[in-house]
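Keep in mind that this is a model prediction, so the values were computed, not measured.
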Amino acid sequence: MKKLLAAVLLICVIFTAIGLANARVFDFRTHKNRPSTISGLSVDNLPHLYYCSTAEYGYSGIFVGDTVKVSGTVKGPQKSVDVEFPSGKKVKIPVSNHYFEKVITFNEEGQYKINGEPFEVDYRAIILPPTKTAKDILHYECAANDEYTKTFVNWNNACVAEEGKSSTAHLLIVDRNGNPIPNLRGRKFTTDKYGTTEVPFSSRAITVYGNIKAVEYDKVVFDRKGNVVYSTIKNKPLSALYEDGQLFVDIYAFIDYASFRCYTVPKKDIEVGKSYIRFVPSDAAYPAKVIEKDGKVYANIEALLAIVNSLPIDVRGVSVRYYTDRTEVYIVRDNVA
């Protein structure tokens with residue numbers, strides 16, 4: 001019984017620690033970084049420096065005013081690790097037995113450096129209406145976010161711009177206690193007396209501000225006869241028809257249509273059965289309603305979108321909306337340009 005009680009108490013302590021970590025006082029979650037490219041330096045927790053092969057997709061996880069423990073290890077005879085502020089001020093962290101650790105308050109906005117490697121610290125920003133986000137376009141939220149990708153990014157809240165166009169993010173800028181910061185002259189904006197501001201961005205953008213990311217979306221609109229009446233994807237022919245109120249689209253043409261920006265799908269990679277579609281390389285298969293007509297093979301749009309969502313391309317999500325006079329199809333994707 002005593003062992004059980006001790007185990008319960010230990011679990012409580014761990015969850016309390018995690019709660020404090022999320023308050024950004026200390027961060028006990030380690031190994032956020034990919035293998036370090038800084039010669040001889042490995043950072044345990046914050047700041048997060050790497051994501052995939054480019055730092056543009058990651059965010060440090062630190063906001064202006066946060067007090068954070070920065071720790072890690074070094075190789076060789078290095079006696080200190082330098083953290084340089086945007087103003088040029090430097091904080092030296094002593095190294096003892098190849099280990100460094102220091103609690104630092106990040107009270108400046110901008111680009112910091114740790115041993116010369118840059119990372120960003122920005123103000124906390126809250127997205128306000130009428131900003132469109134990925135979850136607004138998709139009408140649902142994806143499961144994998146910050147804790148999965150380790151980038152301190154909620155991709156559901158990524159601001160969206162239609163492919164080839166620009167958009168505007170309406171933001172509320174707050175301090176570490178959540179209070180609006182009025183009349184603030186930041187790097188990318190100036191807030192009004194309420195602490196709100198607008199930040200324009202294009203469909204080519206990766207980041208709007210801080211940990212708020214930008215994604216683009218393609219939109220295709222079919223009328224009730226199956227004709228494409230609007231599309232952000234140009235110069236690609238597409239055939240479609242309706243049956244029992246449901247949209248059916250040429251299978252091979254649509255997959256090519258939806259993925260052509262960054263990936264060419266060989267026809268042999270798509271297997272079509274009487275009641276399914278399978279992407280052969282990944283063995284991803286989805287139930288489908290299949291129709292053959294005039295020498296073409298059609299499938300319901302829901303099944304086709306599921307296949308597109310499984311392709312090795314940077315798709316964040318897909319959706320379809322039926323209206324009385326049209327059907328709208330959306331594909332939200334990362335900007336990798």
Side-chain angles (χ1 to χ4, degrees), residues 17-30 32-33 36 38 41-51 55-72 74 79-95 99-128 146 150-154 157 169-199 207-213:
I18 292 173
L20 290 172
N22 287 334
R24 306 298 187 199
V25 178
F26 291 96
D27 194 319
F28 298 133
R29 298 173 296 176
T30 58
K32 285 193 172 61
N33 295 313
S36 179
I38 309 174
L41 175 65
S42 176
V43 182
D44 286 337
N45 42 21
L46 297 176
H48 173 82
L49 299 177
Y50 308 106
Y51 174 55
E56 290 185 280
Y57 283 98
Y59 181 69
S60 67
I62 306 173
F63 297 94
V64 176
D66 282 351
T67 299
V68 176
K69 180 178 73 174
V70 178
S71 63
V74 297
K79 294 182 178 180
S80 66
V81 171
D82 290 340
V83 177
E84 183 178 343
F85 283 55
S87 64
K89 180 184 76 172
K90 290 186 178 180
V91 174
K92 288 187 175 296
I93 308 177
V95 174
Y99 178 76
F100 64 91
E101 175 182 311
K102 190 176 183 66
V103 175
I104 298 176
T105 297
F106 294 85
N107 55 9
E108 297 180 12
E109 180 197 25
Q111 187 181 90
Y112 290 70
K113 293 180 180 179
I114 180 166
N115 271 25
E117 189 72 14
F119 61 94
E120 295 291 326
V121 173
D122 291 316
Y123 287 95
R124 287 177 173 82
I126 299 170
I127 300 172
L128 300 175
D146 175 49
K150 300 181 182 178
T151 58
F152 299 99
V153 174
N154 183 340
N157 289 335
H170 300 259
L171 305 175
L172 173 67
I173 307 301
V174 300
D175 62 22
R176 67 189 306 272
N177 296 315
N179 299 313
I181 308 177
N183 306 314
L184 171 67
R185 293 184 63 86
R187 291 186 304 154
K188 287 189 174 183
F189 55 76
T190 298
T191 61
D192 61 17
K193 63 181 180 179
Y194 302 108
T196 65
T197 188
E198 296 180 5
V199 178
T207 298
V208 175
Y209 177 74
N211 67 329
I212 298 175
K213 296 303 176 188

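For the pair V70/F100, a side-chain contact is recorded, criterion being any heavy-atom separation below 4.5 Å from C-beta on. Using a 4.5 Å heavy-atom threshold, the side chains of L171 and L128 count as separate. Under the 4.5 Å side-chain criterion, counting only non-hydrogen atoms from C-beta, I104 is not in contact with T67. Under the 4.5 Å side-chain criterion, counting only non-hydrogen atoms from C-beta, F63 is not in contact with Y123. Put simply, the side chain of T207 does not reach to within 4.5 Å of the side chain of Y59, judged on heavy atoms.
When all heavy atoms of R124 and D175 are compared, the pair lying nearest together is CD-O, 4.0 Å. E109 and V64 get closest at one heavy-atom pair: CA-CG2, 3.8 Å.
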Could you check N157 against I212 for side-chain contact (heavy atoms from CB on, under 4.5 Å), going step by step and ending with a plain yes or no?
-> CA-CA 7 Å; N157 289 335; I212 298 175; over 6 Å; no

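Here the CD1-CG distance, from I62 to N211, works out to 12.0 Å after rounding to the nearest 0.5 Å.
Between F106 and Y112, the ring-plane angle classifies as perpendicular under the 30° and 60° cut-offs.
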Under 3.5 Å, side-chain donor or acceptor atoms of residues 184-191 against the rest of the protein: list the pairs with distances, not counting sequence neighbours.
| unit_1 | atom_1 | unit_2 | atom_2 | d |
| --- | --- | --- | --- | --- |
| R187 | NH1 | E120 | OE1 | 3.4 |
| R187 | NH2 | E120 | OE1 | 3.0 |
| R187 | NH2 | D122 | OD1 | 2.6 |
| K188 | NZ | V208 | O | 3.2 |
| T191 | OG1 | I181 | O | 2.8 |
| T191 | OG1 | N183 | N | 2.9 |
| T191 | OG1 | L184 | N | 2.7 |

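Take P180 and apply the side chain to side chain contact (heavy atoms under 4.5 Å, CB included) test, not counting sequence neighbours, and it matches L172.
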